[in-house]
Structures are given as structure tokens and as C-alpha cells.
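Sharing a structure, written as C-alpha cells. Questions coming.
By convention in this document, chain letters (A, B, ...) are assigned in the order of the sequence lines, proteins followed by strands, and residues within each chain are numbered from 1.
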2 protein chains.
Amino acid sequence: MIATPRRFVKRPLIPLTSVQVARNRVTLADVARSAGVSTTAASFVLSGRGAEMRISPDAEARVLRAAQETGYRPNIVSRSLRTGTSRTIGFVSDTVATTPFAGHLIWGALDAARDREHLLFIGETEGDQELETQLIEAMHDRGVDGIVFASMYTRELDLPAGLTHRPAVLLNAVPTQPVAITCVVPDEFEAGRSAVNALLRAGHRERIAIIGAAPPDDTPEGSLAAVQRLDGIVQAMAEAGVELADAVPCPDWQPDIGYEATRLLMQRTRPSGIVCFNDRLALGAYQAIAEAGLTVPGDVSVVSFDDDLLATWLRPHLTTVALPHYELGREAITALLDAPQSPSGGAPGPTIRRIPMPLRERDSVQQLRAPRPSRPSRRPLTPR
Amino acid sequence: MIATPRRFVKRPLIPLTSVQVARNRVTLADVARSAGVSTTAASFVLSGRGAEMRISPDAEARVLRAAQETGYRPNIVSRSLRTGTSRTIGFVSDTVATTPFAGHLIWGALDAARDREHLLFIGETEGDQELETQLIEAMHDRGVDGIVFASMYTRELDLPAGLTHRPAVLLNAVPTQPVAITCVVPDEFEAGRSAVNALLRAGHRERIAIIGAAPPDDTPEGSLAAVQRLDGIVQAMAEAGVELADAVPCPDWQPDIGYEATRLLMQRTRPSGIVCFNDRLALGAYQAIAEAGLTVPGDVSVVSFDDDLLATWLRPHLTTVALPHYELGREAITALLDAPQSPSGGAPGPTIRRIPMPLRERDSVQQLRAPRPSRPSRRPLTPR
DNA sequence: CCACCCTGCTAATTCGATTTAGCAAGGGGA
DNA sequence: TCCCCTTGCTAAATCGAATTAGCAGGGTGG
């Protein structure tokens, strides 16, 4: 075989199109042809504008039947190019993997998106600012209708570049800048009140301690949840006229730290009720309490936050104020899709939607004596 | 003001286009104009085919500079329409939310996808067959390049309709039908061997019991993991010439069930080593052992499977055979993108990639006596 | 009987990038 | 001098749906 001289080869261009693209999908043109109408007419019928555009009932029926029989599904890529709306949302978070919670956040978002026939892109930044921007751009390149930017724990954050070019919602976070953006966060302040009230209602008044933060403001770096839970706790106790017996601040809320904190507490104050700032700390507390030869709730009552899966794995089951991850996820998508942003002006700052954190009463709180006649809990008007 | 008579209004059609679509993105045409060339030339340059298509170095430089200066980013929706490839992958699983593992599966997939400049759609089916099909269709409507169909626990499953219309990979699952599809699964059989070998190596020979399944085949419905772990355990013990002292099958692998199973075991056999079929069962075992006034590992050694976060929360930290979720996720994407399927014929059945499950040795196994001279563990050639 | 309107459609354009086909200018060999 | 080839680029088609503009035919009022 003789090699063709280079210069005799005109252009080695093979029609790639016919090779790469799966040609077996039914298109609108196919439907139209099969119904004996133009694509225009078919498009009108299938978008429900048949009557408006004066397509005869007969033609309409033919189109509908053709679409049905061929199993036609509109190509959303094409529609997206034309209309600029892709029925697609980006969900960018800092940590998908390391917290089990993330699943529920995403789950709620997924459900809400599905209700509105949207699909979700997922991206994880691991807190890397450059990655944040890249992901957001990659999503906009693909024509997402909007982006939910989520943090795994409630905090303040700097808005990443490009986020607000199109509709966006902050989930579990509020912006450091006074930007007009919708934020969906759990009501951590009310949660603080709920937690401590669970103890107060059960008659605990004397020796109540907390693990995870200490008044007035010793909280883990950057955690808004910590600050607000603490505020709620402090305020509820003040209202009830009860003194906080002890408090152990913790830089990080992990089981071993809860364990050490509780050992310290048992030596120092021997509390009858402990509020742990999350369920992992509570696990550590359980371990330390058991090791001291004491029982929950007989000797020490424990309440906590988050409603981790862990809470029902512990014996006895843990009373805790739940982070409503599913609802948070749902609400973020709802806010994004239902309340389009006003890009130019409008509100001077963020719009914050607080989602209630429900108390899950289980078996870790001991009823001390008949509850006092419950004073209607007045919610103060203090700005938060 | 007099209302315009209906019939005088020609057609109330407002050019929606200019309203809906954000017109501020830089397009290829903008770049071309700014560089003083045609979009064709600009496209050639930016796709790296400048030399091939004989664009002069000068023109090439102008295009590159214009793209740089305007911050041009190609519209992937448009590219996708033309080329049929969207740099987008669908990840459909049965459970994102209820298992904390899911996060790591997704994490690995996300990382691998990012390495190849792909984005991931996420969908959750909750085991609903109709939803499976709908999700897969919705993803194909958006032009995904392929789909990873994942199960949260290793099992056999019926391939959903439409999955194999385009490239697809099964993650943590194998098909019931003899279909040519790539499957990525953890090596559960080898894991069974690892777990029990951890006990054998430490000198446990007499009273070894297992919780979660019982020979020859009492395993939770539909769990391939259970079957294969059990096989591995049985085989490793047979090889070592050690008799299984006791086995408690469990319909579900939750802490309370592990607790009850262990109580039963302590009465019946009082084992010195327990293999729990997952870490939740092990948590229950810890609780029952502590309640019996015994300690881990002093009185009872425990090994387990999964390497749940829980494993390092327990005291002492749990020795367990890890499910390599991150690697599983990565491998699924890699397999999907790097090894395009041969749609018509080729292999007669699925291609199965087994990912090793590493033993994480921690503090729950007691060394009984000096280890016997370790016979090089011959891996048998038995087909699995 | 003619201008006009309504009915019921269709042709053509558009979105943005990719790809095919091809053109103008210049150089070199016969 | 003429033909052919190469260089360096551009025009036009394409992907699939949505949308704008407009056309043919029949009926009606003046």
C-alpha cells in the first residue's frame, strides 16, 4: 500500500456530528412530521399554547398523539439555549462528605427541586475560595437557573465572586457584607432557649452546666450557631431567674472533647443537668458519666443540639433540639425558585428566613418534681 | 382612558428573548469581533486547533488576548447542543440522606469528576422504580454524558429502564441480569477474611462469635455484603482450622439489635472475640458488654466492618474493615469516563471491579499471646 | 363586489459554539 | 504567462426548540 502524499489530502475532516451524537432521540421535528404539521404548530401544542395560537382541535389531537406514541421528550439543552432557563439548580456547599447532616440538607433540596421539575448540580468547595468561584462559574457555564450556596454549620461568610450574577440563596449562612440576598438559617437562638427550657421545665434549677461554650462570648471561631445558642440559653435562664452553675468552652465539638469536659465538670460542679452544644459532645458526656459510675438521667440529665442519628443510638435516647436539615434544604430551593431576586436595589440588606428547630424529647432528662405553673414564655423583642 | 378594542390588537407578542436571557455574558462572537477575526477562527484558536487550521500566529495571539481580556467562558449549553457532550454526569442513588456514608461516595465521585472538568447531577430514588426511570430520563434530557447508578449497600439490582441508552456504571451493585455493564463494588469477601484474621492473628482461637449473620446463609434480605462477608469469614476460619463458637443473625444492623444480640451471646457463649457485621452493631455490642461489667478489649475483643465515623467515637476506638466509599465513588466516575461502553455486544456479562477494603487496626482487639509464625496467607483460587 | 378580518397555519430566525466547504491572494513551476 | 498549490481565513450549516412575522383562504359588512 502506498501512502498518499501529504499534499494530496485535501482536508482530513470527517463529519463528527453523525458519529458522536446519539441520533436515536425523537425530536420535535419528528413529532411534527408524524402529525403532519410544522414544528411551530407542534411546539405550540406541546407548550399548552395551542388554543391561544389557534391550532385546530384536530391538529392538536394529532400532535398530542404523535408525541405520545413516539415517546417524545423535549431536549432541555436546546430549550435552555433558546430560552435561557434550564430547570437546573446548582447546590454548592463547603462540606458534603465529612458531616452526615449534609445528606439531609441535600435531600430536602432534592425533593423541593423535584417538585418543581428541576435537577440539582452538586459541588463541594472544602472551603477553598478559588474552588468556590470555579464551581460557580462551571455551573453558570451550564446555564443553571440559580445557585444555593450552603455552609455545613451556621456562620457568616464572604460572598464568593460571581455568585450573585444570577439568582442565589445562602443556606445555613449569612453574608458578612450588607448584600441583598436571601438567607435560610435555623433559628439557633430559639433553639438555645428550647434546650435549657427542657431542663427548667423538668424542675432543674440548681446545678445546670453547659459544655461547648461559655458566657459571655467564649465560642468556637466562626460559629454563628454557637453564639446564638449561647445567647438563647443565657436569656432563657435569666428569664427563669436561674444561675448558670458552670460552663466549659470547647474549641471543637467532638466526642473526646465532650468526654474531657464532662470529667472536669463532674469534679468541679457535679451538675444535675448538662446542656451540650451538640450531640457528639453529648456522646462524650455519656461516656464520662458512665465512667464516673453515674447514670443518665438518674444522676445527670443531658440535653443537646442537632438530633444527629447518634441521638437515638445512645442509651438512653438523647433529648436534643433538632437541626431541621431537610426543611432547610427544601426552603432554600423554594426561596430560590419562588422569590426571584431583585438584582438592582430593593432591600438594603439580606432577607433572613429562620427555620424553627424542634425539641425532640426523649429519655435523657429526669423529671425532678411537678412542673411549676408554666408562665407563658414571653418572647423578648431584643434584636438579635 | 379608552380600552383598545380587542380586534385592533394585532398580537400581543413581546420579544421575550431580550428580557429573560442575561445578555451580559461574553460570547465567542464578542471575542472574535474584538480580535478582528471570524468566530470560526476564534473557535479554532480556542479549541487548540489554530495551527492545524492554519491560523497565523498573529491572529492566534489576538484571539487569545481578547478571550483573556473579556473573561470569555464558553457556553457549555450551546456546545452541548452542537457536539452532544456536556461535561456532565448523572449520579443516581437510592439513598443520599439516610446513610452518612453517602457523603463519601459522592465526595469521591465529585473529586474524580472535577479532575476531568465534569459536573455532577445528583438524584435520589429512595428505591422507587418509577422515580429511577424518571430521574434517568430527566438527566438524559439534559444531555448527561453518562450515569452512575449507585446503591448504598452492596446488592444485586434490576437495571432501571433507559439506564443503558447511554454510558452507565453500577456502583455498589451488580445487575441481576447478565448485562454488559461495568460494576464497581467493595471486595466484601476479602473484607470478611480480614476481619476474622485480625482476631486470629491476635491469638483468638477458642471463643469467636459473629453478630449480624449466621452460616451457612442466614443473612439480611438482599444484602450481598452480608453474604460475601460471611463467606470470607467462614473461609478464613476454615483455613485456620478454627471453629466458630456462636453466631447471631440479625434482620437489620442497628445498635439496639446489636445490643440484644450481644446480651444473648454473653449468656450463651461468653465469647472472647466478636465480629460484628457493621459498626452500629458494634456500638450495641459495646453497650451490652459495658452493662455486663466487662471491658473492651480486656474481656472481649471486637472487630467490625464499615469504618463509620462512629468507630473513632467509641471508647476504645474500634478496629474495623473500612468501606472505601471515597475510592468507590472515584472509581465509578473513572470507569464511566475512561472506559466507554461497547454498546453492541462484546462482553457477555458485567465487568466487575472490586475495590479493596482496608483493615483499620485500632484499640478494640486484645493481643492474647505472641502471634504464631505467620503462614503466608494463601489466597484461594475458589471462584466467587 | 371589494376591502377587511379572522382562522389556522407555516417560514424563518434565534440562542452560541462547532464544523464543513470554500474563497481570495500570492508564489512557483512549466 | 498561465495553472496549480498553499496560506490564511470566512461564510454558512448545524444541533433542537421557541418565537416572531406573516401568509392563504374563507367569510362578512358596507
Side-chain angles (χ1 to χ4, degrees), chain A residues 5-23 25-32 35-47 49-60 63 72-86 141 143, chain B residues 5-23 25-32 35-47 49-60 63 72-86 141 143:
Chain A
R6 173 80 181 81
R7 56 192 195 140
F8 280 77
V9 180
K10 288 283 286 187
R11 288 278 169 81
L13 296 179
I14 299 158
L16 259 185
T17 319
S18 57
V19 178
Q20 286 191 347
V21 182
R23 272 281 159 285
R25 259 187 92 102
V26 177
T27 69
L28 185 62
D30 295 329
V31 173
V37 298
S38 67
T39 60
T40 309
S43 176
F44 286 149
V45 168
L46 293 175
S47 62
R49 308 205 301 145
E52 177 193 346
M53 300 314 275
R54 297 182 304 237
I55 305 297
S56 66
D58 176 58
E60 175 143 1
V63 169
Y72 169 70
R73 296 182 59 89
N75 179 327
I76 296 196
V77 175
S78 158
R79 176 186 289 172
S80 176
L81 180 61
R82 180 64 229 263
T83 66
T85 152
S86 60
D141 291 348
Chain B
R6 174 78 182 81
R7 53 191 196 145
F8 281 76
V9 180
K10 288 284 287 185
R11 287 277 171 81
L13 296 179
I14 298 158
L16 259 183
T17 317
S18 57
V19 178
Q20 286 191 347
V21 181
R23 274 282 159 285
R25 260 188 90 101
V26 177
T27 68
L28 184 63
D30 295 329
V31 173
V37 298
S38 67
T39 60
T40 307
S43 175
F44 286 149
V45 169
L46 293 176
S47 60
R49 309 205 300 146
E52 178 192 348
M53 299 314 274
R54 296 184 303 234
I55 305 297
S56 66
D58 177 58
E60 176 143 0
V63 169
Y72 168 71
R73 295 183 60 89
N75 179 327
I76 297 196
V77 175
S78 158
R79 174 186 290 172
S80 175
L81 181 61
R82 180 65 227 261
T83 66
T85 153
S86 60
D141 291 348

Would you find a donor on one side and an acceptor on the other, under 3.5 Å apart, between the side chain of B/R73 and the backbone of B/R25?
no
Can you find a side chain N or O atom of A/S78 that sits less than 4.0 Å from OP1 or OP2 on D/dA17?
-> no
Students often get this wrong, so: under 4.0 angstrom with heavy atoms, is B/L28 touching a base, only sugar-phosphate, or nothing? base
N/O donor to acceptor pairs below 3.5 angstrom from side-chain atoms of residues 35-45 of chain B, sequence neighbours left out:
unit_1, atom_1, unit_2, atom_2, d
B/S38, OG, B/T40, N, 3.4
B/S38, OG, B/A41, N, 3.1

Here the distance between atom C1' of D/dT19 and atom CZ of A/R54, to the nearest Å, is 15 Å
Here the distance between atom C1' of C/dT7 and atom CD of A/E60, to the nearest Å, is 15 Å
TODO: Look at all strands and tell whether A/V37 reaches a base, only sugar-phosphate, or nothing, counting heavy atoms closer than 4.0 Å.
DONE: sugar-phosphate
Side-chain contact check for A/N75: nearest option of D/dC9, C/dT18, D/dA17 is D/dA17
Between B/V77 and A/S80 the two heavy atoms that sit nearest each other are CG1-OG, 3.7 Å
From CZ of B/R49 across to C1' of C/dT20 the rounded distance in Å is 10 Å
From CZ of A/R73 across to C1' of D/dG16 the rounded distance in Å is 15 Å
Testing D/dA18, C/dT20, C/dC9 for proximity to the side chain of A/R79, the answer is D/dA18
To the nearest angstrom, the CE-P distance between B/M53 and C/dT19 comes to 10 Å
Query - Residue-phosphate contact under 4.0 Å: A/Y72 side-chain N/O, D/dA17 OP1/OP2 - result: yes
A/S78 meets the side chain to side chain donor-acceptor pair (under 3.5 Å) criterion, sequence neighbours left out, with none
Here the residues of residues 40-47 of chain B within 4.0 Å heavy-atom distance, strictly under, of DNA chain C are B/T40, B/S43, B/F44
From CD of A/E52 across to P of C/dC9 the rounded distance in Å is 15 Å
Taken in chain and number order and not counting sequence neighbours, the residues that satisfy side chain to side chain donor-acceptor pair (under 3.5 Å) with B/N75 are none
Short side-chain N/O contact to D/dC9 OP1/OP2 from B/S56, under 4.0 Å
yes
Terminal axes of the helix from C/dC1-D/dG30 to C/dA30-D/dT1 (5 end pairs apiece), angle rounded to 10 degrees, sit apart by 80°
- Can you tell if the side chain of A/V63 reaches within under 4.5 Å of the side chain of A/I55, non-hydrogen atoms only? no
B/I55 atom CD1 is separated from D/dT10 atom P, nearest whole Å, by 7 Å
Rounding to 0.5 Å, atoms CG (B/D141) and CZ (A/R79) come to a distance of 8.5 Å
In short, B/Y72 meets B/L46 closest at the heavy-atom pair CE2-CD1, 3.7 Å
A/S47 meets the side-chain contact (heavy atoms from CB on, under 4.5 Å) criterion, sequence neighbours left out, with A/R49
Rounded to whole Å, CG of A/L81 lies from P of C/dT14 at a distance of 13 Å
| said: I'd like to know if B/R82 reaches the base of D/dT14 with its side chain such that a donor and an acceptor end up less than 3.5 angstrom apart. | reply: yes
